[in-house]
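This report refers to the structure that appears directly beneath it.
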Amino acid sequence: MTASTSTPVPSDFIRDIVAEDVRTGKYKLIHTRFPPEPNGYLHIGHAKSICLNFGIAREFGGICNVRMDDTNPTKEETEYVDSIMADVRWLVDDWGASHLALNRNTPFYASDYFDRFYEYDVELVCKNKAFVCDMTPEETDEYRRLGKESPFRNRSIEENLDLFARMKAGEFADGARTLRAKIDMSAPNVWLRDPVLYRIRHASHHRTGDKWCIYPMYDWAHTLSDYTEGITHSVCTLEFEVHRPLYEWILDALEVSRPRPHQYEFARLNLTYTVMSKRKLIQLVTDKLVNGWDDPRMLTISGLRRRGVTASALRAFAYNIGITKYPSMTDMAVLEHTMRNEFNRTAARRLAVLRPIKVVLTNYPTDRVEELNAVNNPEDRNVGTRKIPFSRELFIDRDDFMETPPPKYFRLSPGGEVRLKYAYIIKCDEVVRDNAGKVTELRCSVDFESKSGGATSNRKVKGTIHWVSAAHAVEAEVRLYDRLFTVSEPDVGGDFKSFINSHSLEVLTAKCEPALAEARPPERYQFERLGYFALDPDSTPDKQVWNRTITLKDTWAKEAKKT
RNA sequence: UGCCUCGUGGUGUAAUGGUAGCACAAGAGAUUCUGGAUCUCUUUGUCUAGGUUCGAAUCCUAGCGAGGCAGCCA
């Protein structure tokens, strides 16, 4: 019996391939990699990829590199490197990280291999498998579409060597020349039609500075980075499927020693009610439709973390959705279910009132305060109980009172009864309003026989609601989040920004039970009957800020909608 | 248009020639001092047409549909 019996081990077509390679002894060590370009923040789709690549390494006793694919100096920044590393570490560090490869704070960088790439370039030219091309970008495009050979294709090796050295030396302007692989302009796969390997960019690179003015293209850099690092299974998303023959061609052309890496592709994650592309996420940030990359409404890893999602919940989600080649659309409800499933077991319960309405218990002594016993987590008795103060004046949530309740409404209404959780059954005798007619106070009477835990507490009423003692309440800011988009697929049918949910953030001042004042990050709580909440970094010693990570399932809301 | 890939309930996935299963969602009920959780039950599926086979979701052929690629982006 192994540890894997308690934790389900995923199975999918890629892991099947790895398992087979392990069985046949194809490689000494399974070695995967996660290769982000540092040009944006990581999102939940990257989390899927991280969990796959690190998961494979973890399950097969291998290792996984994080490698910055930083071959385009005009787009990449150190800020993104830092955020990516923080996100990856957060996601995998408590996942049996000791045998993962992430045993250092610094990632690998494709840019560290630029010198080595240059040697490979020269080798390729010497083998007459690459040439320097003088065509403009537009001409190159057109010739590739038409399958026409470049007029510069048959330059001598000496001339190519000379020209490429002068490209490197900075003699030519951006776009003036490229180094292209010499493959087959009549190939049906356009990526085999003499693809560009190097372009000229007189731009400062975030790590190599001004050392280079020629930069490798993705295919060249990525393939050779994989090979250089000893990667065995190079796992990427479906859009690179047509690049695989080029990946193979490069390794063939350089006649690299075996075993060599192989590329496998899986479908990227799509989720309802959100957008996933970096381009769109960056627009949300720059257009200030959200408050930065880590806005809790964003499906970035940093946004999810700030909202209160745990790394283990994200990993469980990655496990739940599986790995295939089918371009699917996963229901946001799966993510939500994964969170509730974990937090229900792990989050301690507290009482908090979001939209307070005052309740005065007319038959309760003015100066009396009781300390009532409350269970911290009914799913985990080990975490014990706490005391909650109870007194004559309380707050309850406005949602828990209706003047003219519909049928099946179990909460408080004029003349009706409800149980205050851990306390008494009360009856609403009188409704007090202000001049505008708004209800400002409920005057209720207590059934002292009904005290929770007491000998005569057996009487049942249909509803139980949460409450907070007014004199003891601690005020806190609460931020309620809803889906960022109003439609399930904001990517289709027009500008995605026109589907923004204008009510996706609501800020309230809540009344909390005193025990919450002692909460510290990264603790998270269930506010009973409301949802799961985590402290936001905006919290100060004077004022807590709570983010609602996810609501509880609300079958009453569903019921109410029917009528 | 060319090339590549993929089609299993509403959604996401499993079954790798041998009883189509799981999860989410939806619906009904039980229970409940959270309208939470838990438990029970129910609805809904192999894209189509041929073929191979004792037997096909699985193998073959054709069709249909969907996605990706066709940057000096990754």
Side-chain angles (χ1 to χ4, degrees), chain A residues 11-13 16 35-37 39 69-72 74-76 133 135-138 140-141 144-145 147 174-180 187-193 195-201 214-215 217-219 221-222 236-245 265 267-268 270 272 278-279 320-338 340-341 344-345 349 351 374-375 378-379 408-411 418-425 450 452-453 457-458 460-466 488 526-531 551-560:
Chain A
S11 169
D12 52 65
F13 74 97
D16 288 347
E37 184 188 13
N39 69 344
D69 220 336
D70 54 349
T71 57
N72 185 354
T74 60
K75 287 188 172 180
E76 295 146 9
C133 182
M135 290 199 297
T136 65
E138 295 73 26
T140 310
D141 280 359
R144 284 183 74 194
R145 263 197 300 277
D174 287 5
R177 287 182 223 264
T178 55
L179 182 73
R180 296 177 65 182
N189 181 339
V190 291
W191 286 102
L192 261 17
R193 318 236 264 235
V196 171
L197 264 23
Y198 266 79
R199 74 288 217 194
I200 299 171
R201 285 272 181 285
I214 55 172
Y215 291 93
M217 296 288 289
Y218 162 81
D219 295 283
H222 194 260
C236 59
T237 43
L238 249 25
E239 66 265 33
F240 297 104
E241 212 156 26
V242 288
H243 292 241
R244 190 177 350 120
E265 310 87 14
R268 68 182 332 133
N270 295 298
T272 56
K278 265 189 204 173
R279 206 195 90 245
N320 286 342
I321 58 178
I323 301 288
T324 66
K325 299 187 82 152
Y326 182 77
S328 55
M329 177 65 71
T330 296
D331 196 329
M332 182 67 87
V334 177
L335 210 211
E336 296 174 345
H337 170 264
T338 308
R340 291 189 185 109
N341 189 41
N344 177 51
R345 296 193 316 268
R349 317 282 127 128
L351 301 186
V375 172
E379 306 291 324
K408 295 192 201 167
Y409 183 81
F410 301 157
R411 285 109 96 154
V418 78
R419 174 172 287 283
L420 299 175
K421 178 101 181 174
Y422 301 124
Y424 301 93
I425 294 172
S450 67
S452 294
S457 67
N458 292 333
K460 303 281 184 208
V461 287
K462 207 67 172 132
T464 300
I465 62 172
H466 58 279
S488 64
Q526 183 195 109
F527 292 0
E528 291 217 31
R529 305 210 304 132
L530 298 173
T551 60
L552 254 33
K553 256 170 61 177
D554 189 351
T555 48
W556 164 246
K558 212 185 296 176
E559 181 71 29

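All of these numbers come straight from a predicted model, not from anything done at the bench. We name chains A, B, ... by the order of the sequence lines, and we start the count at 1 in each one.
Judged as a salt bridge (charged side-chain N to carboxylate O under 4.0 Å, His left out), and not counting sequence neighbours, A:Arg419 has no contacts. Under the salt bridge (charged side-chain N to carboxylate O under 4.0 Å, His left out) criterion, A:Arg244 pairs with A:Glu265, sequence neighbours left out. Remark: A:Arg199 engages no residue in a salt bridge (charged side-chain N to carboxylate O under 4.0 Å, His left out) (not counting sequence neighbours). Legend: residues meeting side-chain hydrogen bond (donor to acceptor under 3.5 Å, both in side chains) with A:Asp12, ordered by chain and number and at least two apart, are A:Arg15. For the salt bridge (charged side-chain N to carboxylate O under 4.0 Å, His left out) test, no residue two or more places apart in sequence or in another chain qualifies with A:Arg340. A:Thr237 meets the side-chain hydrogen bond (donor to acceptor under 3.5 Å, both in side chains) test with A:Glu239; sequence neighbours excluded. Every residue two or more places apart in sequence or in another chain was checked for a side-chain hydrogen bond (donor to acceptor under 3.5 Å, both in side chains) with A:Thr178, and none qualifies.
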### Query
Which parts of nucleotides 37-47 of chain B does protein reach within less than 4.0 Å, heavy atoms only, written one letter per nucleotide 5' to 3' as B for base, S for sugar-phosphate only and - for none?
S----------
### Query
What string of B, S and - do you get for nucleotides 69-74 of chain B, 5' to 3', when a contact is any protein heavy atom under 4.0 Å?
SSSBBB
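Mapped onto RNA chain B by nearest heavy atom, A:Lys460 and A:Ala333 fall at different nucleotides, with A:Ala333 at the one closer to the 5' end.
A donor N or O paired with an acceptor N or O is found under 3.5 Å between the base of B:rG35 and the side-chain atoms of A:Arg411.
Shown here, B:rG71 is classed syn by the O4'-C1'-N9-C4 or O4'-C1'-N1-C2 angle, which is within 90° of 0.
Side chain to side chain, A:Glu559 and A:Tyr409 fail the donor-acceptor criterion of an N or O pair below 3.5 Å.
Contacts of A:Lys421 with the nucleic acid, taken as non-hydrogen atoms under 4.0 Å apart, include base atoms.
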Identify all pairs in which a protein N or O lies below 3.5 Å from an N or O of nucleotides 56-59 of chain B, and state each distance.
none

So which protein nitrogen or oxygen atoms get under 3.5 Å of nucleotides 9-16 of chain B's nitrogens or oxygens?
residue: B:rU11; atom: O3'; partner: A:Met329; partner atom: O; Å: 3.2
residue: B:rU11; atom: O2'; partner: A:Met329; partner atom: O; Å: 3.1
residue: B:rG12; atom: OP1; partner: A:Met329; partner atom: N; Å: 2.9
residue: B:rG12; atom: O3'; partner: A:Ser328; partner atom: OG; Å: 3.3
residue: B:rG12; atom: O2'; partner: A:Ile321; partner atom: O; Å: 3.2
residue: B:rU13; atom: OP1; partner: A:Thr324; partner atom: OG1; Å: 3.1
residue: B:rU13; atom: OP1; partner: A:Ser328; partner atom: OG; Å: 3.4
residue: B:rU16; atom: O4; partner: A:Asp16; partner atom: OD2; Å: 2.8

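Annotation: B:rA66 and B:rA25 have their C1' atoms spaced 23 Å apart (nearest Å). Nucleotides B:rU42 and B:rG9 place their C1' atoms 14 Å apart, quoted to the nearest Å.
Annotated stems with RNA chain B as a participant read B:1-7 with B:64-70, B:10-13 with B:21-24, B:26-30 with B:38-42, B:47-51 with B:59-63, given as range with range, by first number; only runs of 3 or more Watson-Crick or G-U pairs under 3.5 Å qualify.
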